[in-house]
Amino acid sequence: MSQPSEQTQHSATICNIAPASDPATLQVAVKILTAGGLVAIPTETVYGLGAAINNKNAVSQIFAVKGRPQDHPLIVHIAELKQLQDVAVNISDDALKLAGSCWPGPLTILLQRSNQVSNDITGGRETVAVRLPDNVFTRQLITLLGSPIAAPSANRFGKVSPTTAQHVCDDLQSDVDLIVDDGACSIGVESTIVDFSVSPPQLLRPGGILVEDIEQILGYQIKRSDGISRASGMLQSHYRPTCQVRLVETEAEASRLLKTLEPQLMPARILNRCENLPLYASLLYNDLRQADTDQIRTLIAVLPVNTGLGAAITDRLSKAAAPLQGLPAS
Ligand code: AMP
Ligand code: MG
């Protein structure tokens with residue numbers, strides 16, 4: 001579809017990876033999206049698999065490439081706050097206030113959709129999830145394209161999210177037309193999702209913006225998730241590596257479990273970055289992937305406190321450890 005700026009050979013597969021720092025990459029990415037292709041875009045949370053929202057074929061290609069069920073809606077990414085009114089209607093003052101304080105950043109808000117957002121993107125829902133990411137390249141891309149970009153994480157459905165361009169290449173190979181490499185994602189876990197289509201607003205997924213900070217900005221407590229699975233990031237089993245993930249509360253417990261596994265010659269490893277939660281989050285998906293690369297059978301993960309960023313890490317680790325339930329093998 002386009003001339004690759006650089007090609008990376010990996011596992012006998014050619015990926016079209018281009019550095020975000022190369023000015024030509026922006027033009028190439030716009031061309032691909034305009035022609036209905038898919039571009040893996042960098043964000044501060046995870047890499048996204050992007051399509052122009054007004055291109056029906058490209059949007060349906062996202063679902064095909066990911067193996068994602070059609071009823072799992074996509075997040076719509078915008079480049080500036082004023083674009084919010086293009087994709088959403090009946091935006092409450094509180095939603096605007098929160099977006100104004102947290103954007104650009106790892107916050108997604110759920111609002112009533114405008115008629116610019118199709119059923120294919122929202123899985124037939126009347127709501128749209130919107131985010132303004134903190135990545136200069138991706139915002140420039142949206143602006144130059146002249147359209148918001150719909151993007152879920154750039155991995156196969158149910159698997160571990162990508163936080164580097166190489167992760168995307170490992171997962172999607174040439175199923176994505178271009179991968180824009182802007183280094184490792186700084187936050188490393190997905191956005192916090194707050195549903196403003198209900199009153200009071202409700203937390204749908206803990207993530208990069210702390211719930212405590214959201215409540216401080218709004219000046220009241222938001223409703224916590226009621227456990228009803230409304231989309232992929234809320235399924236019980238998700239973000240799964242191939243190895244088994246076992247959750248423990250303390251390092252001592254992890255060591256005891258490791259000792260019971262070693263005599264059985266089951267390669268096992270402890271994951272514990274509780275001392276530094278931003279680092280735990282930013283390296284989490286890389287750590288899960290590395291365990292598979294190293295053919296670890298059991299990854300023993302020490303759970304952080306279930307508040308602040310620890311809530312997002314606990315959520316992802318719990319889903320990585322959950323037994324497969326109603327998920328297609330992917
Ligand atoms: P991801 O797979 O990380 O892109 O996650 C997308 C998440 O956005 C899902 O887990 C949903 O919770 C949420 N979401 C996106 N769009 C909608 C929508 N229209 N209605 C409800 N939830 C949505
Ligand atoms: Mg995902």
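We count ligands from 1, going down the list as the structure has it; atoms in each ligand are counted the same way.
Residue contacts with ligand 1, taken as heavy atom pairs separated by less than 4.0 Å, involve Ile193 solely via side-chain atoms from C-beta onward. Looking at Arg205 against ligand 1, only its side chain comes within 4.0 Å, counting heavy atoms. Proximity of Leu110 to ligand 1, defined as any heavy-atom pair under 4.0 Å, is confined to the side chain (atoms from C-beta onward).
Arg246 is linked by a salt bridge (charged side-chain N to carboxylate O under 4.0 Å, His left out) to nothing, counting only residues two or more places apart in sequence or in another chain. Considering only residues two or more places apart in sequence or on other chains, Asp94 meets the salt bridge (charged side-chain N to carboxylate O under 4.0 Å, His left out) condition with none of them.
No continuous path of hydrophobic side-chain contacts links Leu283 to Val245 [ILVMFWY only; heavy atoms under 4.5 Å].
In terms of polar-atom proximity, Glu190 is not counted as a contact of ligand 1, lacking any N or O under 3.5 Å from an N or O of the ligand.
Atoms of ligand 1 lying under 4.0 Å from any heavy atom of Pro152, numbered from 1 in the order shown and given with element: 4 (O). Near Arg125, with a cut-off below 4.0 Å to any heavy atom, the atoms of ligand 1 are 18 (C), 19 (N), 20 (N), 21 (C).
With a cut-off of 2.8 Å, the Mg ion (ligand 2) has an N, O or S atom of Ser153 in range.
Contact check for Thr314 versus Pro304: side-chain heavy atoms found under the 4.5 Å cut-off. For the pair Leu309/Tyr280, no side-chain contact is recorded, criterion being any heavy-atom separation below 4.5 Å from C-beta on.
One N or O on the side chain of Thr192 and one on the backbone of Gly207 form a donor-acceptor pair closer than 3.5 Å.
In this structure, Arg68 is part of the shell of residues with a heavy atom less than 4.0 angstrom from ligand 1.
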